[in-house]
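Just below is one structure, and these are the notes that go with it.
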There are 2 protein chains.
Amino acid sequence: MKRNTWQREAVREALGTREGFVSAQSLHSALRDGGSSIGLATVYRALADLAVEGEADSLQQEGESLYRACTPGTHHHHLICRNCGLTVEIEADAVEQWARQVASEHGFTQPNHVVDVFGLCAECSALAG
Amino acid sequence: MKRNTWQREAVREALGTREGFVSAQSLHSALRDGGSSIGLATVYRALADLAVEGEADSLQQEGESLYRACTPGTHHHHLICRNCGLTVEIEADAVEQWARQVASEHGFTQPNHVVDVFGLCAECSALAG
DNA sequence: ACTCTATTGATAACGAATCTCATTACGGTT
DNA sequence: AACCGTAATGAGATTCGTTATCAATAGAGT
């Protein structure tokens with residue numbers, strides 16, 4: 001059966017304190033810097049589990065997986081700052097419907113979709129001039 | 001200045017014959033199997049160049065980059081079969097507008113977006129029963 | 001033909017992610 | 001509270017996609 005360990009809880013909590021997406025490696029470093037003795041493999045496993053259970057969202061960027069805590073149970077997408085990583089959850093029923101429609105129009109079944117918007121947040125836009 | 005080599009042309013052509021997204025490695029294998037002496041690093045470089053020039057689209061899946069020839073100059077997204085890789089280019093002005101609007105609503109500038117739909121194509125749906 | 005230099009390619013190096021396996025510790029039982 | 005089966009951990013090795021290195025090659029303008 002599934003067990004509750006302080007390691008999983010530490011990962012869940014560390015993820016919750018971040019504003020944007022984080023890599024497993026940087027989360028591991030942060031935990032270590034905070035005095036934890038958690039292992040890297042465990043962080044990878046915990047993040048993968050959280051993603052499966054719907055407590056975290058993940059995306060691939062530049063060849064690595066990034067994770068972020070999300071509000072469980074809701075399907076949503078992200079608006080992500082390219083510069084600072086600030087992330088906003090966005091919902092878009094119109095896009096969901098569009099995806100389903102496009103899929104069925106072409107005979108595709110069991111549609112999934114990846115929809116993420118990247119940009120510069122207000123703060124980073126100001127700094128970039 | 002930029003030079004035209006048979007290697008780049010070989011990659012461009014090999015990419016054009018494929019129906020769906022391919023990895024650099026598998027494209028390299030295919031070229032080698034076809035008698036070419038092209039090197040792996042060159043295939044990686046050629047694909048990266050094609051992507052920058054807008055002649056190829058790329059996406060990240062399971063930790064690797066996949067490429068596909070695309071109709072240059074047009075912005076479009078993809079409907080991709082999870083099973084066989086068959087890919088259909090789709091256009092969706094509504095989604096473009098939605099992305100821009102969501103970005104500006106939250107103060108984000110210079111919006112980009114990643115929009116891909118995955119599913120099972122008609123053929124693979126039939127086989128999966 | 002000559003020269004300059006972008007490109008190539010074999011291989012080494014890198015890095016993210018996974019695997020191995022002995023050790024640890026959760027949690028249900030007694 | 002001691003016991004036990006086994007899921008989970010973690011250090012290190014391993015895998016695998018990708019990039020860097022650098023001597024050799026070959027475009028393309030003169």
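Reminder, nothing fancy here: chain letters follow the sequence lines and each chain counts from 1.
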> Can you tell me how far C1' of D:dA11 sits from CD of A:Gln25, to the nearest Å?
Replying inline: 15 Å
> B:Glu64 CD to D:dT19 P: how many Å, rounded?
Replying inline: 12 Å
> How many Å lie between CD on B:Glu9 and P on C:dT8, as a whole number?
Replying inline: 12 Å
> When the distance from CE of A:Met1 to C1' of D:dC4 is rounded to whole Å, what number comes out?
Replying inline: 12 Å
> Would you call B:Glu53 and B:Lys2 a salt bridge, taking side-chain N to carboxylate O under 4.0 Å as the test?
Replying inline: yes
> Looking only at side-chain N and O atoms, does A:Tyr44 come under 4.0 Å of OP1 or OP2 in C:dA17?
Replying inline: yes
> Pick the nucleotide of DNA chain D nearest each of A:Arg8 and B:Tyr67; which residue has the one closer to the 5' end?
Replying inline: A:Arg8
> To the nearest 0.5 Å, what is the distance between SG (B:Cys70) and NE2 (B:His76)?
Replying inline: 4.0 Å
> To the nearest Å, how far apart are B:Lys2 NZ and C:dT8 C1'?
Replying inline: 15 Å
> Nearest-Å distance, CZ (B:Arg32) to P (C:dT8)?
Replying inline: 14 Å
>> Whether A:Ser23 contacts C:dA16 is assessed here as follows: a side-chain N or O lying under 4.0 Å from the phosphate OP1 or OP2. Is that the case?
In response: no
> Can you find an N or O donor on one side and an acceptor on the other, under 3.5 Å apart, linking the side chain of B:Arg45 with the base of C:dG9?
Replying inline: yes
> Rounding to a whole Å, what distance do you find between B:Gln61:CD and D:dC16:C1'?
Replying inline: 16 Å
>> Within the 4.0 Å heavy-atom criterion, would you say A:Leu40 contacts the bases, only the backbone, or no part of the nucleic acid?
In response: nothing
>> Let's see if you can work this out: which of C:dG9, D:dG17, C:dG27 has an atom nearest to the side-chain heavy atoms of B:Ile38?
In response: C:dG9
>> Below the 4.0 Å mark, does C:dG9 have OP1 or OP2 next to a side-chain nitrogen or oxygen of B:Gln7?
In response: yes
> When you check the phosphate oxygens OP1 and OP2 of D:dA8, does a side-chain N or O of A:Thr5 lie under 4.0 Å from one of them?
Replying inline: no
> With respect to the side chain of B:Ala41, which nucleotide from C:dA16, C:dG9, C:dG27 is positioned closest?
Replying inline: C:dG9
> Should the pair A:His113 and A:His77 be assigned to parallel (<30°), tilted (30 to 60°) or perpendicular (>60°) ring geometry?
Replying inline: tilted
>> Please compare A:His28 and B:Leu66 by the position of their nearest nucleotide in DNA chain D and report the one closer to 5'.
In response: A:His28
> Under 4.0 Å: is that the gap between some side-chain N or O of B:Ser65 and OP1 or OP2 of D:dG17?
Replying inline: no
> Expressed in angstrom and rounded to an integer, what is the separation of A:Trp6 atom CH2 from C:dC26 atom C1'?
Replying inline: 14 Å
>> For A:His78 and A:Phe118: C-alpha separation, side-chain torsions, deciding distance, then whether ring pair (Phe, Tyr, Trp, His ring centres under 6.0 Å) applies.
In response: CA-CA 8 Å; A:His78 297 98; A:Phe118 295 85; 9.7 Å; no
>> What I want to find out is whether B:Glu55 reaches B:Arg8 closely enough, with some N-O distance under 4.0 Å, to be called a salt bridge.
In response: no
> Out of D:dA11, C:dA16, C:dT7, which nucleotide sits closest to the side chain of B:Arg3?
Replying inline: C:dT7
